Structure formats: structure tokens, C-alpha cells
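Everything below concerns the one structure shown next.
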Amino acid sequence: MPALAGAQPVQTAAIQAPPLPVPAQVLDARLGVHPDKTRFVMELTEAVAFRVEPQASPASVVVELGNARWAGGILPGRGLVSAIASEMVTADRLRLVLATTVPVRIAWAEVIPPRDGKPPRFILDLEPSAGAAADRRAVGSLSPLPGTGGTSAATVAASLASAPRPPIPPKERPKAPELPLIVLDAGHGGQDPGAIGVNGIHEKDVTLAMARELRRQLLATGRYRVVMTRDKDVFLPLRDRAAVARSNDAHLFISLHADSMSSRKVRGLSVYTLSDKASDREAEMLAQRENKADAAGGLNLKTQSAEVANILISLSQREKMNQSRRFAGLVVSSLDKNIAVLPSPLRSAGFGVLTAPDVPSVLVEMGYLSHAQDASLLNNATHRRRMAASLVRAVDGYFSPGAGRKRS
């Protein structure tokens, strides 16, 4: 057919489909057993959308990850998880079935973006369900998957739960050397705010932020285990804090605080060890204020004082007190030169929180919230990282003599 007069020639071009996103790969998968939960962690090359839903019968948890691939097969279980099976239910959707020993609830499920040199991680915390059936609420941002025609998650879970778990040969489970356990105590909490800074910050928030940063840096070394007396805004009696160290057979106990006083000119860090008589009047007054914090929890202070007195009387292991003093000295000598200290930073007082008779213990007063500069620094993440690094050097020096760096 002849072309019409004046018509423009038709131009054509190939239409290119947008490239498909590269599926995320699973780098590692592991289970961790804690006293109150079992944690499942997957390291990924990319962050992905996910969906999690517990099942009551058979007891299990189904996890679906979008745009992810993994040929993990069947993995052995630990804690509340008896086994894990994985399968690709579509070309870009990965399904995991975690068979559990009892019905469970989801305490936490989240994809953590890459940080601190670690890749993206999918973290799932499982706790025993309080009721007869599991909490069936789905968690995540991935839309439910329509029927795929494959084996159902319930069938997979039932198969996993009924399958015998072969014993692990002794050579495959070598006993790891025990790492030193450090208990970190974030002072105050809950209805007891502690000191209130000139900038309005509360001591309980400063100490918790510092304890979390110190825990992060200690664990990052791979040389220590860490237990926190509290990891949220709750109140704990002094004797319960010391009991955490004793019940966990801790190798070191570090209690973190921030002081306050009527004079707004005093600033700087100090480190306290236990003494039945305070090293000076200021230390004695500080110890009285901290010990009275137990009144906020409705405790009988007379009973508390009697117990502390009995512990002090029975404190026959003088070696532990000497070790506490040695570590306190390392804290001061290892501090970053930009961190201010009191003129006499090594002190002693009758702190109830330091009364564990068989655990070397110190109380670090990180500065004065009544001083504008100290209050500002303690509320600054960079300063907390610097102080935490100093404390890690002191810990290194304590467990490896000569490893601590001298203050310059």
C-alpha cells in the first residue's frame, strides 16, 4: 500500500524490560539459646521484606523472605527449635519452617540494616507461648503467599518434629574455652531517675546508653561475654544487681553512674571500690544517696542495711577487694586524655551495689550532671564511644597484664 502524502515514516524501537533485582543470598544462619528465648539469625547480602507467622499444630514458625535464595536444606535445632527446613516456594521467595518443641510466640522479628561492619541480618526471637496455642499474628512487611502447589508448611513442620535427631559426634562439638564474663550495671532505672542534669537528662538514661555502648565494644573484641543487669528502663534493687554478678559467676562487675552536687563547678570522672568507711566525706554522702535509691522500689531499708552489713562482715576474700582496686587503677590509667577526671579519682565508699563478696567490682561515676560540660558530653554518643573504648582498654589490661594503655 503506497504511503500517504505528507505522512512521516514510522519509527520503532525495542522495549527493554527493567533488570530484575539481584536476589539476596544467605551468608550464614544460626540459633542462639538464651535463658528466656531462642534467637534465630540469618546474615544476608541485602535487606529483604519478610513475613513471620507461628503455627500451633504442629508447633512451628513459618518465615518467608522476598527476593532471597538459599539452599540450606535441613538444619539441626537448638533451644526451642528442634529443626529448620528451607525451600524455594517461588523463583524469588524463600520459605523457612522452624519446628519448635512447644508452641511459641514471636518476641521480636526484624531485618537489621548493615552497621558496625556487619551485613544485613534477619533476627527472630522466640519465646514459649503463655497460652495453650501459639500467638498467630503474622509479623513483617511481605504480603501473604497464595497457594503454590508445593508441600505445605504444616506438613514440613510435622515431618521435622517427628524426625529423630541424630546425636552429634563428640568431635563435632568441641568445648569452647570459657571467655571472661563481665556484668554491666546501668545505675538507677524505672521510677528512680537518679540525678537530673542541668540540661534535663536523667542519669538512668545516660547509664543505660553507656552500658549498651560498652557492651557493644566488649562483644566486638570477641574476647568477653557480657550480661546486663538491665537492658531497659526498669528498677532493680541494689542487692539484685550484685546478685546478677554472683549468679552468673562473673569475672568482673562494672556499675555505671553519673554524679550530681550543689556546686556546678565540679566535674570529672572517678572510680569507686568498696569500703566500709568512705575515703572522704563526699564519697560517704554519695554512697548514702545511691543506697537510699532502694526506697523507690518499696524495700525495707532496715532489712537492706542488715543484709549489706552481714555481707560486709563476712567479706573475707580480701583478694577480690584488691583486684577491684587494681581494676579501678587501670580504668584511670587507660582513660582517653580528653576525658576529665577528679583531682583524686580513685575512691572508696560503702556502695550496696558493690557488695558481691566473690566478684571484683567497681562503680564508675562518669562525670557530674550538675556541670554543664559533663552533662553535655555524657549525652553525646561520640563521647560515650570514647569512654567505652577507654574502659575496654582497662578490661584488656585487667585480663591481659600490660595490654592496657597508659593515660597520656
Side-chain angles (χ1 to χ4, degrees), residues 15-32 37-115 118-127 129 133-163 165:
I15 300 175
Q16 295 183 350
L20 296 175
V22 178
Q25 302 293 325
V26 178
L27 302 174
D28 184 40
R30 56 187 180 271
L31 287 164
K37 66 187 176 185
T38 295
R39 170 167 288 185
F40 175 58
V41 179
M42 295 182 70
E43 294 184 354
L44 305 161
T45 56
E46 301 288 341
V48 297
F50 69 94
R51 179 173 175 268
V52 181
E53 185 173 11
Q55 308 289 323
S57 180
S60 58
V61 175
V62 178
V63 179
E64 291 181 353
L65 303 174
N67 196 38
R69 291 182 182 175
W70 185 42
I74 299 179
L75 300 181
R78 291 183 65 197
L80 295 173
V81 178
S82 58
I84 303 175
S86 68
E87 63 174 342
M88 296 300 302
V89 291
T90 66
D92 64 346
R93 189 173 298 214
L94 171 66
R95 175 187 288 163
L96 307 174
V97 179
L98 286 70
T100 58
T101 57
V102 295
V104 296
R105 61 178 293 273
I106 300 167
W108 184 40
E110 188 174 356
V111 171
I112 304 295
R115 64 187 184 192
K118 295 182 179 180
R121 286 164 293 160
F122 169 74
I123 298 178
L124 173 66
D125 283 351
L126 302 176
E127 297 177 349
S129 178
D135 181 354
R136 298 183 61 84
R137 290 177 296 170
V139 177
S141 57
L142 192 64
S143 60
L145 189 69
T148 58
T151 305
S152 71
T155 301
V156 174
S159 176
L160 288 176
S162 61
R165 300 175 65 180

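Only a predicted model underlies this, so the values are computations on that prediction, with no experimental measurement involved.
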- Task: Could you please spell out the steps behind the side-chain contact (heavy atoms from CB on, under 4.5 Å) verdict for V63 and M42?
- Result: CA-CA 11 Å; V63 179; M42 295 182 70; 5.9 Å; no
- Derivation and outcome, side-chain contact (heavy atoms from CB on, under 4.5 Å), residues R51 and R95: CA-CA 9 Å; R51 179 173 175 268; R95 175 187 288 163; over 6 Å; no
- Task: Given side-chain contact (heavy atoms from CB on, under 4.5 Å), test L27 with L44 step by step and report yes or no.
- Result: CA-CA 5 Å; L27 302 174; L44 305 161; over 6 Å; no
- Message: To the nearest 0.5 Å, what is the distance between OG1 on T100 and CD1 on I84?
- Response: 11.0 Å
- Would you say S129's side chain and P103's backbone share a donor-acceptor pair under 3.5 angstrom? no
- Taking atom CZ of F122 and atom CD of E43, what is their separation to the nearest 0.5 Å? 13.5 Å
- Message: For V97, is there any backbone N or O sitting under 3.5 Å from a side-chain donor or acceptor partner on S60?
- Response: no
- Task: Search all heavy atoms of I106 against all heavy atoms of P54 and return the closest pair with its distance.
- Result: CD1-CD, 3.4 Å
- Message: Between P113 and P120, is there a side-chain heavy-atom distance shorter than 4.5 Å?
- Response: no
- Message: To the closest 0.5 Å, what do you measure between OG1 (T90) and CG (N67)?
- Response: 9.5 Å
- Query: Does the distance from a Lys or Arg side-chain N to an Asp or Glu carboxylate O, for E127 and K37, drop under 4.0 Å?
  - Reply: no
- Task: Looking only at non-hydrogen atoms, find the nearest pair between A68 and M88 and report the distance.
- Result: O-CE, 3.2 Å
- Could you tell me whether a side-chain N or O of R78 sits under 3.5 Å from a main-chain N or O of L31, the two making a donor and an acceptor? yes
- Query: Say you draw a straight line from CG of L94 to CZ of F50; how long is it, rounded to the nearest 0.5 Å?
  - Reply: 13.5 Å
- Query: Closest approach of S86 and L96, non-hydrogen atoms and distance?
  - Reply: CB-CD2, 3.3 Å
- Query: Which value, rounded to the nearest 0.5 Å, describes the distance between D125 atom CG and R39 atom CZ?
  - Reply: 4.0 Å
- CG on L126 to CZ on F40, rounded to 0.5 Å: 9.5 Å
- Item | Contact check, side chains of T38 and V104, non-hydrogen atoms, under 4.5 Å | no
- Message: Could you check whether any side-chain N or O of S82 sits under 3.5 Å from a backbone N or O of A99, counting only pairs where one atom can act as donor and the other as acceptor?
- Response: yes
- Closest non-hydrogen atom pair between A47 and V111, with its separation: CB-CG1, 3.9 Å
